[in-house]
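Inspection log for the structure reproduced underneath, given as structure tokens.
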Protein chains: 2
Amino acid sequence: MNTADLGLPVAVPSTALFTDQYELTMLQAALRSGTADRRSVFEVFTRRLPEGRRYGVVAGTGRVLDAVENFHFDETILGFLRERSILDGPTLDWLADFRFRGDIWGYPEGEVYFPGSPIMRVEGTFAEAVLLETVILSILNHDSAVAAAASRMSVAAGERPLMEMGARRTHELAAVAASRAAYVGGFHTTSDLAAGFRYNIPTVGTSAHAFTLLHDTERDAFTAQVQTLGSGTTLLVDTFDVTEAVRTAVEVAGPNLGAVRIDSGDLLLIAHRVRQQLDELGATKTRIVVTSDLDEYAIASLAAAPVDAYGVGTQLVTGSGHPTCSMVYKLVARADSDAPDAPLRPVAKKSMGAKTSAGGRKWAARRPDEHGVAEAEVVGTGPVPPELTDHQLQVPLVRGGTVVAREPLDAARDRHFAARGGLPLSATQLSRGEPVLPTEFV
Amino acid sequence: MNTADLGLPVAVPSTALFTDQYELTMLQAALRSGTADRRSVFEVFTRRLPEGRRYGVVAGTGRVLDAVENFHFDETILGFLRERSILDGPTLDWLADFRFRGDIWGYPEGEVYFPGSPIMRVEGTFAEAVLLETVILSILNHDSAVAAAASRMSVAAGERPLMEMGARRTHELAAVAASRAAYVGGFHTTSDLAAGFRYNIPTVGTSAHAFTLLHDTERDAFTAQVQTLGSGTTLLVDTFDVTEAVRTAVEVAGPNLGAVRIDSGDLLLIAHRVRQQLDELGATKTRIVVTSDLDEYAIASLAAAPVDAYGVGTQLVTGSGHPTCSMVYKLVARADSDAPDAPLRPVAKKSMGAKTSAGGRKWAARRPDEHGVAEAEVVGTGPVPPELTDHQLQVPLVRGGTVVAREPLDAARDRHFAARGGLPLSATQLSRGEPVLPTEFV
């Protein structure tokens with residue numbers, strides 16, 4: 001089918017239009033001034049974590065690789081740029097042949113990061129590297145924000161399963177990426193069918209108040225649900241009176257009822273009451289699922305409650321107060337000429353204000369203390385000290401334009417658990433504080 | 001081309017998978033219990049505005065219409081649902097033939113709204129109406145959040161143009177919808193090429209610090225840009241020293257230089273200095289564009305500064321602190337049987353907690369005072385009082401499954417200005433306060 005048939009913003013035939021116009025006009029100017037082929041190094045990093053957060057989570061890397069692979073200017077896009085007179089003829093001709101042929105290194109997906117961590121490094125000619133700025137930042141800024149929130153919720157939930165249920169609270173396609181990022185950050189399932197379809201994330205569902213209200217009685221609704229989905233289903237028990245609903249639920253489904261869901265009220269109090277009632281009714285294995293504006297703090301506050309699973313929506317897909325990261329894409333080094341062997345020269349903005357940064361192509365390592373626990377994020381521009389060579393964080397992602405680091409989503413999720421587990425214990429405090437590792441520039 | 005080629009979450013062949021799994025399992029249970037064909041009315045509304053906001057802005061309506069039109073279950077989707085054993089055979093067969101054939105009414109796009117406003121009303125069988133919940137909420141919750149922030153920024157900016165530059169701060173496709181919503185809310189242009197391509201929003205661009213750093217000198221960079229883009233271009237003057245950059249800029253481009261952009265530092269102070277310097281250099285027509293973490297408050301604080309245009313990113317696409325609205329999709333009435341003439345019965349959740357709402361199919365009108373200024377949002381379930389018949393807010397959007405309310409995006413934008421202009425003056429105060437209109441339920 002044609003993407004245009006969707007009648008949605010997905011009517012974009014490649015990722016090349018996920019680009020700010022200035023990238024293309026800079027390209028045109030550089031082609032004219034003879035600087036377009038200067039070898040250049042761009043780095044993605046953030047100057048700070050969201051206030052009070054202890055660590056960040058790299059997510060979206062796999063999507064970046066897809067986006068780079070599909071970044072090309074077909075005739076539809078070139079026609080648009082021509083018709084709008086955004087670019088001149090030679091630049092359009094150049095774009096028609098464009099494929100990214102450079103190298104990308106970066107922190108692998110699921111890894112944690114800190115202020116100044118060189119999360120991704122794009123090397124190539126200025127022309128090819130400058131074009132990727134917006135699409136790379138869009139993906140990393142969005143996905144990492146969701147993954148960071150997911151990771152905190154996953155810490156708060158401990159061993160209890162987390163269900164992502166936020167699709168209705170965010171853009172319909174951002175929702176799919178959010179499910180993916182939430183999974184990397186530690187969630188187990190999603191309600192979003194598109195995420196199940198696209199990323200093979202296990203999908204789950206319960207039922208809505210509308211289903212109970214559709215029927216003449218709550219009992220009719222429960223009976224209808226159990227008859228078709230079996231007694232292992234999850235019944236929603238807070239449409240009318242919770243105590244009555246729980247009694248009806250066990251009568252209808254029997255003591256093997258899978259779960260009940262509570263979506264309003266004082267969850268701590270109600271969960272205790274419902275657990276006691278279920279146990280008295282012999283439904284000792286029936287689980288209690290809670291939903292209703294949960295965030296990491298609400299999840300943590302329910303740690304002592306008899307809750308078996310959490311469904312999280314709004315606060316997850318909006319990054320729990322921080323819906324975007326502040327990652328930037330900066331030129332840190334470039335050659336003085338387009339000769340292939342021209343040495344790279346570090347460059348950096350030097351104006352007043354807070355936006356200065358360190359020039360030069362950087363390596364990064366996480367230094368462990370004598371117990372193997374991380375004690376510093378070390379970032380440098382010179383040779384890597386021998387004691388850090390085994391602790392380097394960047395891996396090759398794209399070589400000569402070819403993606404070399406595809407991996408299943410579970411690999412990123414496992415990596416996240418390992419990376420988080422290697423941090424000092426205070427990393428998983430939910431309270432506000434400083435980044436749990438200092439960043440040392442050497 | 002095939003959507004799967006994008007290698008992105010857009011690999012969804014229709015909008016039908018932008019759906020939470022429970023909608024499909026509720027459908028299956030309702031088909032089994034014989035309630036699926038009961039005529040039902042669902043309404044979209046919000047119980048509250050984001051804290052301190054005076055009004056909300058309906059945005060995304062046009063995208064909802066596209067989504068409803070493209071909501072169908074093709075063989076790819078059915079295969080996925082079958083393979084995952086999410087649904088039984090009869091339900092899959094039912095879905096294969098599914099098209100929404102009901103009616104949708106709603107506030108037209110760009111209209112303002114208040115707590116309780118029935119922003120959209122979906123009528124049809126339970127089966128067809130329940131399926132649309134997630135995709136409708138995703139679109140309205142995201143787009144309206146951005147439009148509300150845009151509207152406040154547009155009030156703060158007055159006559160000065162606003163450029164949307166937030167693509168890099170949000171999901172790459174949410175960015176396209178955000179550009180669209182920002183335009184509805186009062187923005188003038190976007191940096192996002194995909195938004196220009198998809199929605200014909202005028203695109204703009206300047207240049208980045210990287211472009212200056214690529215060249216051997218700032219003068220070389222400015223010369224390169226002016227040579228290819230002409231003296232009407234916008235030069236970025238804060239890579240090194242602003243005063244020196246402004247001098248160089250006018251030397252290179254002449255006094256007809258289009259604009260300079262300032263992206264860091266104390267914008268108020270620097271704008272004054274740069275204006276004075278430009279005037280002394282004879283560049284009296286050269287405009288000053290400011291960017292750098294602007295929100296509606298920062299824009300307002302620059303009202304007295306010699307600033308000619310604002311570029312806004314992060315705070316716009318993240319809803320200026322409120323990245324989603326809290327719109328819900330609730331069953332408010334349904335028939336007792338599937339007889340075509342069965343009367344509708346109001347229904348509502350009745351449990352404890354804050355999530356109760358009023359049952360019944362609702363009309364809405366905005367009552368003007370004797371000067372024609374809005375004084376109340378009136379929402380009712382009975383007959384419309386005669387004095388309000390000319391002030392009704394809902395319009396038909398879909399009739400019998402056919403979209404009847406397509407309109408150009410400028411119509412929504414114009415409607416927003418008109419609707420905002422009809423509110424009491426205190427609507428446009430940026431300070432926190434109560435909704436500017438009370439909602440009266442009659």
Side-chain angles (χ1 to χ4, degrees), chain A residues 3 6-7 9-10 12 17-22 25-26 28-29 32-33 35 66 70 80 126 134 137-138 141-142 167-169 171-174 176-177 191 193-194 197-198 203 205-207 209-211 213-214 224-225 228 238-240 264-265 318 323-324 331 347 349-353 355, chain B residues 3 7 9-10 12 17-22 25-26 28-29 32-33 35 66 70 80 126 134 137-138 141-142 167-174 176-177 191 193-194 197-198 203 205-207 209-211 213-214 224-225 228 238-240 264-265 318 323-324 331 347 349-353 355:
Chain A
T3 49
L6 296 180
V10 293
V12 176
L17 281 180
F18 300 138
T19 296
D20 286 313
Q21 178 164 312
Y22 80 168
T25 51
M26 285 191 281
Q28 177 174 312
R32 279 277 291 266
S33 73
T35 52
D66 291 342
N70 289 287
F80 163 71
F126 176 81
T134 302
L137 288 178
S138 289
N141 272 324
H142 173 269
R168 63 191 56 196
R169 301 298 177 197
H171 182 276
E172 66 276 21
L173 280 154
V176 183
S191 63
L193 289 170
F197 177 80
R198 180 66 183 84
T203 56
T206 61
S207 63
H209 299 113
F211 186 75
L213 296 171
L214 168 69
Q225 187 175 333
T228 187
D238 69 341
T239 305
F240 304 113
S264 57
T318 59
T324 186
L331 180 69
V347 294
K349 179 178 185 304
K350 291 281 188 255
S351 183
M352 68 285 205
K355 289 189 178 176
Chain B
T3 49
V10 293
V12 176
L17 281 180
F18 300 139
T19 295
D20 286 314
Q21 179 164 312
Y22 80 168
T25 52
M26 285 191 280
Q28 177 173 313
R32 280 277 291 264
S33 73
T35 52
D66 292 342
N70 290 287
F80 162 71
F126 176 81
T134 302
L137 287 178
S138 289
N141 271 324
H142 173 267
R168 62 190 57 194
R169 301 299 175 198
T170 187
H171 182 276
E172 66 277 20
L173 280 154
V176 184
S191 63
L193 290 170
F197 177 79
R198 180 67 183 82
T203 56
T206 60
S207 63
H209 299 114
F211 185 75
L213 295 171
L214 168 69
Q225 187 174 333
T228 186
D238 69 341
T239 305
F240 302 112
S264 58
T318 60
T324 186
L331 181 68
V347 295
K349 179 177 185 302
K350 292 280 189 254
S351 183
M352 68 286 206
K355 289 189 177 176

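Since the model is a prediction, treat every value here as computed from it, not as a measurement. Below, read A as the first sequence line, B as the second, and so on, with proteins coming before strands; counting in each chain starts at 1.
Nearest heavy-atom pair, A:Leu331 versus B:Leu214, reported as atom, atom and distance to 0.1 Å: CD2-N, 3.8 Å. Closest heavy-atom contact between A:Thr134 and B:Ala167: CG2-CB, 3.8 Å. Nearest heavy atom pair, residue A:Val176 against residue B:Phe18, reads CG2-CE2, 4.3 Å. Of all the heavy atoms in B:Ala210 and A:Phe126, the pair that sits closest is O-CE1, 4.0 Å. Considering every non-hydrogen atom in both A:His171 and B:Ala177, the closest pair reads CD2-CB, 3.5 Å. In plain terms, the two heavy atoms of B:Ala29 and A:Phe211 that are nearest each other are CB-CZ, 3.4 Å.
Within the 4.5 angstrom heavy-atom criterion, atoms from both the backbone and the side chain of B:Arg169 approach chain A.
Judged by distance alone, the side chains of B:Thr203 and A:Gln21 do bring a donor and an acceptor atom under 3.5 Å apart.
Between the side chain of A:Lys349 and the backbone N or O of B:Leu213, no donor-acceptor pair lies under 3.5 Å. Checking side-chain atoms of A:Thr318 against main-chain N and O of B:Pro323 turns up no donor-acceptor pair under 3.5 Å. One N or O on the side chain of B:Asn141 and one on the backbone of A:Arg168 form a donor-acceptor pair closer than 3.5 Å. Judged purely by atom type and a 3.5 angstrom limit, A:Ser207 has no side-chain atom pairing as donor or acceptor with the backbone of B:Met26.
Annotation: the span from A:Lys350 atom NZ to B:His209 atom NE2 amounts to 12.5 Å, rounded to 0.5 Å. Annotation: the span from B:Gln225 atom CD to A:Arg32 atom CZ amounts to 12.5 Å, rounded to 0.5 Å.
Of the listed residues (A:Leu137, A:Thr324, A:Leu193), the greatest number of heavy-atom pairs within a distance under 4.5 Å of chain B belongs to A:Leu193.
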